[in-house]
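All heavy atoms count here, side chains included; hydrogens, waters and symmetry mates do not. Naming convention: chains lettered A, B, ... in sequence-line order (proteins, then strands); numbering from 1 in each chain. Predicted model, so just to flag it, every value in this text is computed and none were measured.
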2 protein chains.
Amino acid sequence: MRGETTRRRDASHTRQLLLDTARHHFARYGFSTTTVRDIADGAGVNVALINRYFASKEGLFEACLSSAVTDLRRETDSAPANEIAAKMAQRIAGSADDPRHHETMLLLVRSSGDERTDAMRRALLTSISTRLASAVQSSPEPPGDAALLRAQLLIGALLGASLMRTSIAVPPLATANEAQISDALEVLVKALLPPG
Amino acid sequence: MRGETTRRRDASHTRQLLLDTARHHFARYGFSTTTVRDIADGAGVNVALINRYFASKEGLFEACLSSAVTDLRRETDSAPANEIAAKMAQRIAGSADDPRHHETMLLLVRSSGDERTDAMRRALLTSISTRLASAVQSSPEPPGDAALLRAQLLIGALLGASLMRTSIAVPPLATANEAQISDALEVLVKALLPPG
DNA sequence: CTAATAAGTAAGCAATCATTTACTTCGACC
DNA sequence: GGTCGAAGTAAATGATTGCTTACTTATTAG
């Protein structure tokens, strides 16, 4: 029935399965709305395994956010500063391809109420906005508050676009294709981060 | 001890008190995170009165959103179309004055999961974005999808700014004063809604 | 083949949730 | 001033929550 490459019991595999399902639920419905049974059932896995692998529901959420932070950091650290916004915009515009990219963005607006997890999210957003603000000026000095504020408004705009597109689901934004959204987002990026 | 103008028992007064406290909690922490006891205790009122006056927690949330919709509609319907965005931006920038304005915006990104309530929010956002999109064109025809999409991105940007400012609380956006934010938001509005 | 350990499961735990019920107290009206 | 309905309260309901425990099954090593 089953191939010889798939084991019936694989801890790291089910752990990853839980992580993927959890990110999907947390991103779409928020922390307290989703129950551990929702996640376990979605993954086709026993509820107790959540506590075994992640200690608690909170731990699972932190693991989700942590992997999201890692994803975004890898993408934004390797890219030249002036492309960061474009890469994030691409995550929102894309719909047909891997929904993981989209959920990663949505996860950033979800909170479990835990202070440590909130600090993690805040640190990521601060880091990215600082890099964004640095991109608009030629001098290597740290950006001023005015530039920082615009960069953070840009990130907020991208997160808000994510919400409007999937969570609130207002057409035509919810149903627009990738090219249409990219065009509109480009206008937004250029306005808040003028080159030079 | 107490003034003669305040009655000890006033149904409409406690109803309004519950409504105000509920909007504050729902807007800041979301629907499922806040408990009915949080709201009742915050209002200094017995828990059972929530079910008496609003039938259910869901009913109370719907009443909150409904009053938010009324507030926003009154403001946006009376204003000329090209000032709508500015008025909404003012709600976000303002911090020293009445926090109600800010919470009204935040409430639009909170969902109880109920389909009817979600539809109410979607209808409001569609209506406002249509008016916004109409403002950028001279012809009286209904706006095309491209203009509509930009207007919705603008609203999403404003909602995202709300989240970044209070919920996620990233400095300097969280601590910036009204004038600084207004300036930056104006850039954003003009970019997405070019006059003419 | 067989023991030992890792992986997974079923059942139930205490705590908390929204809601309902039976009851008490206030306030207005004749 | 007494009465009656409205306003408010305390306590308990059943359902759901996150999590633990005792157990079974699969996998691997000797």
Side-chain angles (χ1 to χ4, degrees), chain A residues 1-23 25-26 28-65 110-114 116-117, chain B residues 1-26 29-65 110-114 116-117:
Chain A
M1 185 64 78
R2 61 180 179 278
E4 50 206 0
T5 57
T6 57
R7 286 191 301 179
R8 277 204 287 181
R9 290 186 171 186
D10 187 336
S12 67
H13 175 257
T14 54
R15 206 192 112 101
Q16 188 61 43
L17 202 62
L18 277 173
L19 210 53
D20 290 342
T21 314
R23 187 195 43 243
H25 277 83
F26 284 147
R28 287 208 124 68
Y29 312 111
F31 180 77
S32 42
T33 306
T34 57
T35 72
V36 289
R37 284 177 175 82
D38 286 338
I39 300 172
D41 292 353
V45 147
N46 192 280
V47 205
L49 296 182
I50 289 181
N51 298 96
R52 181 196 286 274
Y53 293 137
F54 301 96
S56 65
K57 179 190 182 186
E58 170 68 36
L60 176 55
F61 181 76
E62 186 175 321
C64 286
L65 187 63
R110 307 297 188 185
S111 169
S112 68
D114 180 67
R116 216 161 57 87
T117 313
Chain B
M1 184 64 78
R2 60 179 179 278
E4 50 206 0
T5 57
T6 58
R7 282 192 302 178
R8 278 205 287 183
R9 291 187 169 186
D10 186 336
S12 68
H13 175 256
T14 56
R15 205 192 112 102
Q16 188 62 42
L17 201 63
L18 277 174
L19 209 55
D20 290 342
T21 314
R23 187 194 45 240
H24 175 257
H25 277 83
F26 284 147
Y29 312 111
F31 179 78
S32 42
T33 306
T34 54
T35 71
V36 289
R37 284 176 176 82
D38 286 338
I39 300 172
D41 292 353
V45 146
N46 192 280
V47 206
L49 296 182
I50 288 181
N51 298 94
R52 178 195 287 274
Y53 293 137
F54 301 96
S56 66
K57 180 189 182 185
E58 169 68 35
L60 176 54
F61 181 77
E62 186 174 321
C64 286
L65 187 64
R110 310 296 189 184
S111 169
S112 68
D114 179 67
R116 216 162 57 88
T117 313

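Distance CG (Asp10(B)) to P (dG5(D)): 21 Å, rounded to an integer number of Å. In this structure, Phe31(B) places its CZ atom 13 Å from P of dC17(C), rounding to the nearest Å. In this structure, Asn46(A) places its CG atom 15 Å from C1' of dA6(C), rounding to the nearest Å. The distance from atom CG of Asp38(B) to atom P of dC17(C) is 7 Å, rounded to the nearest whole Å. Distance CZ (Phe61(B)) to P (dC17(C)): 18 Å, rounded to an integer number of Å. One can place CG of Leu17(A) at 10 Å from P of dG8(C), the figure rounded to the nearest angstrom. Between the C1' atom of dA6(D) and the CZ atom of Arg15(B) lies a distance of 16 Å, rounded to the nearest Å. Rounded to an integer number of Å, the gap from CZ of Arg37(A) to P of dA15(D) is 15 Å.
Each of Val47(B) and Ala11(B) has a nearest nucleotide on DNA chain D; the 5'-most of these lies closest to Ala11(B).
Within the structure, salt bridge (Lys or Arg N to Asp or Glu O under 4.0 Å) pairs that include any residue of residues 9-19 of chain A comprise Arg7(A)-Asp10(A) (at least two apart or interchain). Screening residues 36-56 of chain A for side-chain hydrogen bond (donor to acceptor under 3.5 Å, both in side chains), with sequence neighbours left out, gives Thr35(A)-Asp38(A).
The line from NE2 of His25(B) to CZ of Arg110(B) is 12.5 Å long, rounded to the nearest 0.5 Å.
Thr34(A) comes within 4.0 angstrom of sugar-phosphate atoms only, judged by non-hydrogen atoms across all strands, and of no base. No contact: Thr33(A) has no heavy atom under 4.0 Å from any strand. Across all strands, Ala48(B) comes closer than 4.0 Å to base atoms (heavy-atom distances).
Within the cation-pi definition used here (under 6.0 Å to the ring centroid, within 45° of the axis), Lys57(A) does not qualify as a partner of Phe26(A).
Between the side chain of Arg9(A) and the base of dT25(D), a donor-acceptor pair under 3.5 Å is found.
Taking Thr21(B) as the reference, nothing meets the side chain to side chain donor-acceptor pair (under 3.5 Å) condition, with sequence neighbours excluded. Partners of Ser111(B) according to the side chain to side chain contact (heavy atoms under 4.5 Å, CB included) rule, which considers only residues two or more places apart in sequence or in another chain, are Asp118(B), Arg121(B). Taking the salt bridge (charged side-chain N to carboxylate O under 4.0 Å, His left out) definition, one finds that Arg23(A) meets it with Asp20(A), Glu103(A), sequence neighbours left out.
If you check residues 49-59 of chain B against DNA chain C, the residues with a heavy atom closer than 4.0 Å are Asn51(B), Ser56(B), Lys57(B), listed by number.
Closest to the side chain of Arg8(B), out of dC26(C), dA12(D), dG18(D), is dC26(C). When each of dT9(C), dT17(D), dA18(C) is scored by its nearest atom to the side-chain atoms of Thr35(A), the top-ranked nucleotide is dT17(D).
Residue Thr14(A) places at least one side-chain N or O closer than 4.0 Å to OP1 or OP2 of dG8(C).
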